[in-house]
Amino acid sequence: VIDMGQPEHSVTTTCAYCGVGCSFNAEMKGDKLVRMVPAKNGDANHGHSCVKGRFAFGYATHKDRIKAPMIRDSIDQPWKEVSWEEAIGFAAKRLKDIQAQYGRESIGGITSSRCTNEETYLVQKLIRAAFGNNNTDTCARVCHSPTGYGLKQTLGESAGTQTFDSVMFSDCILVIGANPTDAHPVFGSLMRRRLREGASLIVADPREIDLLSTPHLGDSTHLPLRPGTNVAMVNALAHVVVTEGYEDKEFIASRCDTKAYAKWREFIIDERHAPENVEEITGVKAEKVREAARKFATAKNASIYYGLGVTEHSQGSTTVMGIANLALATGNIGREGVGVNPLRGQNNVQGSCDMGSFPHELPGYQHVSDAVARARFEKVWGVELDDEPGLRIPNMFDAALSGEFRAMYVQGEDIAQSDPNTQHVEAALAALDCLIVQDIFLNETAKFAHVLLPGSTFLEKNGTFTNAERRINRVRKVMAPIAGKEDWEVTVDLANALGYPMSYSHPSEIMDEIASLTPSFANVSYAKLEEQGSLQWPCNDEFPMGSPIMHTESFPIGEEGKAKFAVTEFVPTTERANSRFPLLLTTGRILSQYNVGAQTRRTENQAWHDEDILELHPHDAEERGIKTGDWLGITSRAGQTVLRARVSERMQPGVVYTTFHHPGSGANVITTNNSDWATNCPEYKVTAVQVEKVSQP
Ligand code: SF4
């Protein structure tokens, strides 16, 4: 796939894998992509890259790409290749017929964090303006929706507070439920650099992640907590901060809502949060927790980085708020080297949330019940908007099974593979009268589809992605779309076929519309992005050149701009180990593969990691007579699968771990229906399982 001939010209664009958002020069020979070279002037990566962005681009020209639209009357029929016009017409007629028979709320759609800001904006606009309801959601539902909720409640903005480069000013780095060197490799390397310079490290994670074995000058503490006990751990850390007198009283008095703080203080000083009293829950020695809390609280600059190990829990939102409490209590917000930093998994998770993909929020996190915000959109979009939140993804599945929800438009997400409890998802998809899938491959979800619309890769389109540090980066077209249309053009065609007129000649015009309706994007334009390279929102009249660090003077919350502490009671998950399912399974990623592997498995990266493996502690392995390489049957309350074993000291007894990059591994066959109380983000990170040796499947 990689032709090493000399390039003739290059186009600067943005990696479409993780939330670091590295800039690359796509070097071309004629119309062929020769290689991807990390851009030295990339604001997020400064010339660095990882094996995904650098080498795993061959999927864009893979033979499996869908090259023409396809339709079929029912899912037991073969696909029929048709023109774009016929496919769009077929889809629009079905959607209209279904709404005529079952009502306006009977259809909806899902936007993708893989797609550009402009594309996700258009999908939610299509749903709100042309479908006439708020049944729009994003795959961020299943990863970082608790970040959106938890940070909005406490800090007033649903986003991380820092730039990546800020970590170079941090003296103590607390990593919770994240594995940056595998999942966010370029940022993981930057973190390693800071650790080598002497910053100290605290890792709260059930597994011993690679960062802990990085040789570095500062000290490191591992808090190997049991899956599902993040809230108890974060509360215990905060309890030590408060009861041992490490609070930043000046910061709290000047920057925080003192009433909310007083309520939280009374809650957190209660002895039930003392490390000694949560030892039984978390499994971590109290003295280690006290030591970590002191280290964090006494550092000049302490920062927190977290990932899906925080959000994908029944208390994901509570942990996010607990993390914000800890940063506020120690005054670690609003300057270089500190802050609360969600590490976003996909390239445009931040952007898909910013662009109003949620059923309760218009672009810029403006609630659908806000009549003033709604009126602005109604004027530009020329329709009356629904003021009631629509269905979230899991609600769509439930409503499909009960017959109230009949059709779905899914752009760029393989929900049949990536959402939990596969059996439930597949039953819901099979119950739909019309499923429209827009994707680059015939994925697992497409097996239940009636209309297949070819998607375009990041190399075939213009637009923008917003990375985990709120940085809006340009995506530039490197090659022509394989099926003739960029994703945004397909959405425009569908809207027009439904009778709702949409007309844009370039994604820059979509961005102009976004800027006119989204206060935090008010000063963003393609011209300014060309001039500046990238922009971090908020970028408006108050911050015309963008905002590398947020909350330096005040918080966008309440009349007075004061941050709000939140009471974060620990409520154990109902997913517990017992004699039938004695081990707790948690999941994560590996460096060379990405998410469900649709792209990386179709590149040379497949050679580095071609199967998902179950890691387990030697003690658990010995008890079951298991050796590395043995085949294992893994059974949970939801289902069963088979994986090979790797016996590893990285695990703690009682906890097992796997990745989810290969469709055959069935990680989501065994995950349950549990979800975050506030956002319905699935509890992927805790599944009680039994593991036993089986013969080769
Ligand atoms: Fe792409 Fe992330 Fe790797 Fe950068 S770190 S090259 S954005 S996958």
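Just follow the structure's listing: the first ligand is 1, and inside any ligand the first atom is 1.
Taking a cut-off of 2.8 Å, the protein N, O or S atoms nearer than that to atom 4 (Fe) of ligand 1 are C22 SG.
A centroid separation of less than 6.0 Å is found between the aromatic rings of Y305 and F187.
Using a 3.5 Å distance cut-off with no hydrogens or angles, the side chains of N462 and R474 do pair a donor with an acceptor.
In this structure, F24 counts as a contact residue of ligand 1, since one of its heavy atoms falls inside 4.0 Å of the ligand.
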Inset, instruction - Take D182 and K52 through the salt bridge (charged side-chain N to carboxylate O under 4.0 Å, His left out) test and state the conclusion after the steps. - result: CA-CA 10 Å; D182 277 69; K52 291 187 279 265; over 6 Å; no
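Between K528 and E531 there is no salt bridge, since no side-chain N of the basic residue sits under 4.0 Å from a carboxylate O of the acidic one.
Considering S112, S145, S352 in turn, S352 is the only one that fulfils the side chain to side chain donor-acceptor pair (under 3.5 Å) rule with T138.
Note: F441 and H62 have perpendicular aromatic rings, judged against thresholds of 30 and 60 degrees for the angle between ring planes.
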